[in-house]
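Note sheet for the following structure.
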Number of protein chains: 2
Amino acid sequence: MACEDMDTVSLHCSDCPIRHRAVCARCETDELDRLEEIKYYRSFEAGQTIIWAGDRMDFVASVVTGIATLTQTLEDGRTQMVGLLLPSDFVGRPGRNTAAYNVTATTNVMMCCFRKKPFEEMMERTPHIAQRLLQMTLDELDAAREWMLLLGRKTAREKIASLLSIVARRDASIKMQPAQGSMNFELPLTREAMADYLGLTLETVSRQISALKRDGVIALEGKRHVSVPDMDRLLSEAGDDSDGGFLV
Amino acid sequence: MACEDMDTVSLHCSDCPIRHRAVCARCETDELDRLEEIKYYRSFEAGQTIIWAGDRMDFVASVVTGIATLTQTLEDGRTQMVGLLLPSDFVGRPGRNTAAYNVTATTNVMMCCFRKKPFEEMMERTPHIAQRLLQMTLDELDAAREWMLLLGRKTAREKIASLLSIVARRDASIKMQPAQGSMNFELPLTREAMADYLGLTLETVSRQISALKRDGVIALEGKRHVSVPDMDRLLSEAGDDSDGGFLV
DNA sequence: CGGCTCATTGACCGAAGTCAAGCAGAGTGG
DNA sequence: CCACTCTGCTTGACTTCGGTCAATGAGCCG
């Protein structure tokens, strides 16, 4: 496990930006006090590997700021992203002591870590933590299943449109705005990361983005800033106009 | 929701075949007594739809016997299987009142159902249930992620070999035998169901099975009985010889 | 400036999808 | 008993979407 970069920050739970969404969301103040004792912060730079699959893992953690990815690889190098970790998402599995996936920081990331043993003991005694973790895990399972539909049955164009919809929707929810009409947002992923997410090659990603641009579904400013003139149009390109709503 | 076929059976929890693996696995006898009060059995015939996506769902359940599938569809009819429910697997989500996926019986299925409201109340008071459900959900999430790698990055041939490996491995674990050397098992899925599982067309499934047969990796007796002369060979065809082990 | 990384685009190819014909086995009914 | 239909499966011919290989471009930084 890589943890060279460790400018440890001190932050009180009550001031924590993910206080209301993370695994600790349902904790009472006395429960938070106990968590406070076993927690510590760790920072990682963009591009850094946070955890290698198969490594021993003696902590669990919440993403506080930044974006990280969960990836899996076949031995010949083909890789598939299997999770996108946003602020408040949980990393690690209580009751397991080796990591199942590679975790990589795509932006600078700060994590709130708990030593595994004490955390597990606390989970036994504190139903609020287990309850919240269950809720979060069920949400992740739903997201994974939506993603399976995308991987198994959508065309390249639909895959790109779906990814853009997801990012747009998440961005809107952070800004507390409705995800409709015309929208602007940053795309925090490289073409390669998008390809790994969608089960495509980076060339196909590039081509399909160009095609969507050519057809007026999206416009780019620079490589990473996307503007969508008509969100409904993008959603219908994604194939699942019904509801959508996966990943946050 | 379809529930025409309801030959209700009476079965005491202590005699239940899935007692040690289901959501109730960690319950004490007094906890079981309370579950006993809110449970009822329901049977479904092979081919029957158990739940339609979007329908109101006022119960949660465990599969007691048989196999069911979870599927998702795009409005133009493309469908993707997102879960395979085997005995002891859990259906439904506490805290949600409409079904997210279609649930279909592929064989005759018996389910142990709990009315949702009382079950949710019990979960609040009974950490053992929430703990077990968390464990099971985390396992499902791992399986879903392994499946995402398959859908996103494996070739048709590898997909088929992976599916056969999974079924073979599960069969071996039921028979309490090691999954190696030469093996025989039944394939409880039609070509179409396999295609929906693997994100392929049924023609491709058929062709790849023929190819594996031609290459001596497997042999068929009838349409559904598979024999594998060399399990290692099959595993290496699946691409992930390292460990494997998804789904049960 | 050269040397990076990331992205775009083109030419070509091949794996898997589509469309279509036909087979095998299980029922069903005359 | 045979003829007929139905469903599930196989196989072939052809097409196409996305992958592969390769050249080129745009920023960025030492």
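In this text, all values refer to a predicted model and were calculated from it rather than measured experimentally. Proteins come first, then strands; the chains are lettered A, B, ... in the order of their sequence lines, and each starts at number 1.
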Summary of salt bridge (charged side-chain N to carboxylate O under 4.0 Å, His left out) pairs that have at least one residue in residues 191-211 of chain A, sequence neighbours excluded: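 Passing the test, one end in residues 191-211 of chain A: Asp196(A)-Arg153(B).
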
Check the distance between [N]'s [atom2] and [X]'s [atom1] and give it to me in whole angstrom.
{"X": "Arg157(B)", "N": "dA16(C)", "atom1": "CZ", "atom2": "P", "result": "11 Å"}
{"X": "Lys213(A)", "N": "dA7(C)", "atom1": "NZ", "atom2": "P", "result": "12 Å"}
{"X": "Lys154(B)", "N": "dG19(D)", "atom1": "NZ", "atom2": "P", "result": "18 Å"}
{"X": "Leu189(A)", "N": "dA7(C)", "atom1": "CG", "atom2": "C1'", "result": "15 Å"}
{"X": "Asp196(A)", "N": "dA7(C)", "atom1": "CG", "atom2": "C1'", "result": "15 Å"}
{"X": "Leu202(A)", "N": "dT5(C)", "atom1": "CG", "atom2": "P", "result": "14 Å"}
{"X": "Glu192(B)", "N": "dC9(D)", "atom1": "CD", "atom2": "P", "result": "9 Å"}
{"X": "Ile209(B)", "N": "dG8(D)", "atom1": "CD1", "atom2": "P", "result": "15 Å"}

Residue Thr190(B), side-chain atoms from C-beta onward, closest of dT8(C), dA16(C), dC9(D):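 Within the option list, the nearest is dC9(D).
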
Please name all residues satisfying side chain to side chain donor-acceptor pair (under 3.5 Å) with [X], sequence neighbours left out, ordered by chain then number.
{"X": "Glu158(A)", "result": "Thr155(A), Arg78(B)"}
{"X": "Glu186(A)", "result": "His225(A)"}
{"X": "Asn102(A)", "result": "none"}

Between the protein and nucleotides 17-24 of chain C, are there any N/O to N/O pairs under 3.5 Å, and if so, what are the atom names and distances?
| unit_1 | atom_1 | unit_2 | atom_2 | d |
| --- | --- | --- | --- | --- |
| dG17(C) | OP2 | Thr201(B) | N | 3.4 |
| dG17(C) | OP2 | Thr201(B) | OG1 | 3.2 |
| dG17(C) | OP2 | Thr204(B) | OG1 | 2.5 |
| dT18(C) | O4 | Arg207(B) | NH2 | 2.7 |
| dC19(C) | N4 | Glu203(B) | OE2 | 3.2 |

Partners meeting ring-ring contact (aromatic ring centres under 6.0 Å, His included) with Phe90(B) (sequence neighbours left out):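 Checked Phe90(B) against ring-ring contact (aromatic ring centres under 6.0 Å, His included); matches are Phe119(B).
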
Donor-acceptor under 3.5 Å (Asp142(A) side chain, Asp139(A) main chain):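 Not confirmed, Asp142(A) side chain does not pair with Asp139(A) backbone.
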
Check: Ala99(A) main-chain N/O paired with Trp52(A) side-chain donor or acceptor under 3.5 Å: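 No, because the side chain of Trp52(A) does not come within donor-acceptor range (under 3.5 Å) of the backbone of Ala99(A).
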
dC9(D) phosphate, OP1 or OP2, under 4.0 Å from Arg224(B) side-chain N/O: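 Arg224(B) to dC9(D) OP1/OP2: side-chain N or O found under 4.0 Å.
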
Sugar-phosphate, base or nothing in reach of Ser210(A), heavy atoms under 4.0 Å: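 Ser210(A): backbone/sugar contact only, no base atoms under 4.0 Å.
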
